[in-house]
Amino acid sequence: MSVTTTTFPKGRLLSMDAYRGFVMFLMMAEVLQLGRVAENFPESTFWQFLAYHQSHAEWLGCSLHDLIQPSFSFLVGVALPYSLASRISKSEPFGLQFAHTLRRSLILILLGIFLRSIGRSQTNFTFEDTLTQIGLGYPLLFLIAQRSFRTGWIALGVILVGYWLAFVLYPVPAMAPERVGVPADWPYHFTGIAAHFNKNTNLAWAFDTWFLNLFPREEPFLYNEGGYATLSFIPTLATMVLGLQAGRWVRAQSAGLLKRFLMMGVAGIVFGSLLSVTGLCPSVKRIWTPSWVLFSGGWCFLLLALFYFLIDIRKWQRWSFPLLVIGVNSIAAYCMAHLFEPFIAESFRTHFGPNVYEFLGEPYAPILRGLIVLLCYWLILYWMYQKKLFIRI
């Protein structure tokens, strides 16, 4: 990890950084605690709607918050052709490029573990964090990027079909769901082929009951309460490949770029939804099923199309500056969101009194606290932007 004052690559689209900034803003905005505010207004459709879209779907389904991780992964792929072109222009040999890739991968994995270990009595060896998932798949993405555009699509198909087949061939364990943290009356107990994608009774869960117990733990790993899994890095790689293909189109300045984004977006959502509703492959973000790759990837293409249309085609750029400030320092924003909240929030209580957040009344205290913390995040990132301080891995 390093702090640089490097200028942006020539030809880079502002829409890419604005989209990334939007994604990171959604993640940082968790400090608004809209769910707690909604609890104070149980009859309010408005607050319930906002709370839903700031939380993850319990298993099947999708909220706005569920699109954060796929978007971040997708944009890693979009940026890779620019990174490779920059290194090739410096005549870096393949070996040096791959060594840098492995170094970056290791830093992402370790950073993800570090952030997941905050507040723990010992290192929390878990690999479902966004950064860790990207780090695990990044070397493979680099190798795919060395091949042709056509090979990229073939790799995508192999990953999706192979991962689906591996899940389907794994026998469904005959065990009470309560043993793996799933209530008996949970509404997402799938049957038929879809049963192979049930929470904590699937291939990825079985892998983790072996793999995660190879590391020092406070107690043996039995299941992840949210159903998240290490092996999700494989279909996450497919999401990054979708971004890689989009990035190749962007950098090549392909004709009809907006149309391509829109077509890919609609196709991904339609095919992902069809696989889910037919029961062949439920669209589950928490285990990153192949149908989720297509469905969320479709939304990523549509969101990129929206930002591309507004910023790079219509040239409406001034409104995106707050997002750009976040997007060009996404790693810094990610770490701040995990590390700075308690310090900032408690500092305001120290200097302005214990009731500083009750200014608008107790029911609104969580959102006022969040707004203040969120503003401080942005001001720090703005200072870094002004000083041209960009954290790179």
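Source: prediction; values computed, not measured. Along the sequence shown, residues are numbered consecutively beginning with 1.
Screening residues 339-351 for salt bridge (Lys or Arg N to Asp or Glu O under 4.0 Å), with sequence neighbours left out, gives Glu341-Arg369, Glu346-Arg349. Within the structure, the side-chain hydrogen bond (donor to acceptor under 3.5 Å, both in side chains) test picks out the following pairs touching residues 194-210 (sequence neighbours left out): Asp208-Thr230.
A donor-acceptor contact shorter than 3.5 Å is absent between the side chain of Asp66 and the backbone of Lys285. Using a distance-only test at 3.5 Å, with no hydrogens or angles considered, no donor-acceptor pair links the side chain of Arg36 to the main chain of Tyr364. Side-chain N or O atoms of Thr132 include none that pairs as donor or acceptor with a backbone N or O of Phe127 at under 3.5 Å. A distance-only check finds a donor-acceptor pair linking the side chain of Arg286 to the backbone of Gly226 [under 3.5 Å]. Checked by atom type and distance alone, the side chain of His338 never pairs as donor or acceptor with a backbone atom of Gly112 at under 3.5 Å. Under a 3.5 Å cut-off, the side chain of Asn40 and the backbone N or O of Pro363 do form a donor-acceptor pair. Looking only at distances, a side-chain donor or acceptor of Lys315 sits under 3.5 Å from a matching main-chain atom of Asp312. With hydrogens and angles disregarded, no donor-acceptor distance shorter than 3.5 Å links the side chain of Gln33 to the backbone of Ile367. Of the possible donor and acceptor atoms, none in the side chain of Arg251 sits under 3.5 Å from a partner among the backbone N and O of Ala79.
Around the OH atom of Tyr228, the shell of radius 6.0 Å holds more than 12 heavy atoms that belong to other residues, nucleotides or ligands. For CZ of Arg217, the number of neighbouring non-hydrogen atoms (other residues, nucleotides, ligands) closer than 6.0 Å is greater than 12. Counted within 6.0 Å of CH2 on Trp299, heavy atoms from surrounding residues, nucleotides or ligands total 12 or fewer; the atom is thus considered open. The 12-atom threshold is not exceeded at CD of Glu225, counting heavy atoms of other residues, nucleotides or ligands nearer than 6.0 Å. Atom CZ of Phe49 sits in a sparse spot, with 12 or fewer heavy atoms from other residues, nucleotides or ligands closer than 6.0 Å.
Proximity of Arg248 to Leu80: side-chain heavy atoms (C-beta onward) are nowhere separated by under 4.5 Å. Residues Ser86 and Tyr82 have side chains not in contact (no heavy-atom distance under 4.5 Å, counting atoms from C-beta outward). In this structure the side chain of Leu371 never reaches within 4.5 angstrom of the side chain of Leu375, judged on heavy atoms. Tyr52 places none of its side-chain heavy atoms less than 4.5 Å from the side chain of Leu64. Residues Gln146 and Leu84 form a side-chain contact, since some pair of their non-hydrogen atoms from C-beta on lies under 4.5 Å apart.
Phe261 and Tyr308 have perpendicular rings, their planes meeting at more than 60° on a 0 to 90° scale where under 30° would count as parallel. Note on ring orientation: taking the six-membered ring where Trp is involved, the planes of Phe41 and Trp47 are parallel (angle under 30°, cut-offs 30° and 60°). Using cut-offs of 30° and 60° for the angle between ring planes, the Trp378 and Tyr382 rings count as parallel. The aromatic rings of Trp292 and Phe295 sit tilted, their planes meeting at an angle between 30° and 60°.
For the residue pair Tyr334/Asn329, the side-chain donor-acceptor check at 3.5 Å is not satisfied. Using modelled atom types, one finds a donor on one side chain and an acceptor on the other under 3.5 Å when comparing Thr151 with Ser148. In this model, a donor atom of one side chain and an acceptor atom of the other lie less than 3.5 Å apart for His65 and Glu30. Gln133 and Trp288 form no side-chain donor-acceptor contact under 3.5 Å, judged by distance and modelled atom types alone. No hydrogens or angles considered: a donor-acceptor pair under 3.5 Å links the side chains of Ser71 and Tyr19.
Salt bridge status for Glu128 with Arg116: present, with a side-chain N to carboxylate O gap under 4.0 Å.
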Pair Phe390, Ile331 - check side-chain contact (heavy atoms from CB on, under 4.5 Å), show working. CA-CA 9 Å; Phe390 306 114; Ile331 294 296; over 6 Å; no

* side-chain contact (heavy atoms from CB on, under 4.5 Å) between Leu214 and Phe125, worked out -> CA-CA 10 Å; Leu214 298 177; Phe125 287 101; over 6 Å; no

Q. Please walk me through it: do Ile68 and His56 pass side-chain contact (heavy atoms from CB on, under 4.5 Å)?
A. CA-CA 10 Å; Ile68 294 175; His56 292 298; 5.9 Å; no

Query raised in the report: ring pair (Phe, Tyr, Trp, His ring centres under 6.0 Å) between Tyr138 and Phe142: does it pass, once the steps are laid out?
Result: CA-CA 6 Å; Tyr138 194 70; Phe142 172 84; 7.6 Å; no

Between Phe197 and Phe167, is a ring pair (Phe, Tyr, Trp, His ring centres under 6.0 Å) present by the stated rule, with each step listed?
CA-CA 7 Å; Phe197 301 92; Phe167 265 68; 5.2 Å; yes

Could you tabulate the donor-acceptor pairs under 3.5 Å formed by side-chain atoms of residues 273-284, not counting sequence neighbours?
from: Ser273; atom 1: OG; to: Ile269; atom 2: O; distance (Å): 2.7
from: Ser276; atom 1: OG; to: Ser283; atom 2: N; distance (Å): 3.1
from: Thr278; atom 1: OG1; to: Leu274; atom 2: O; distance (Å): 2.7
from: Thr278; atom 1: OG1; to: Leu275; atom 2: O; distance (Å): 3.2

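Under a hydrophobic clustering in which Ile, Leu, Val, Met, Phe, Trp and Tyr are joined whenever their side-chain heavy atoms come within less than 4.5 Å, directly or via other members, Val158 and Leu244 fall into different clusters.
Phe114 pairs by the ring pair (Phe, Tyr, Trp, His ring centres under 6.0 Å) definition with nothing, not counting sequence neighbours. With sequence neighbours excluded, no residue satisfies ring pair (Phe, Tyr, Trp, His ring centres under 6.0 Å) with Tyr377. The ring pair (Phe, Tyr, Trp, His ring centres under 6.0 Å) check on Phe309 picks up nothing, with sequence neighbours excluded.
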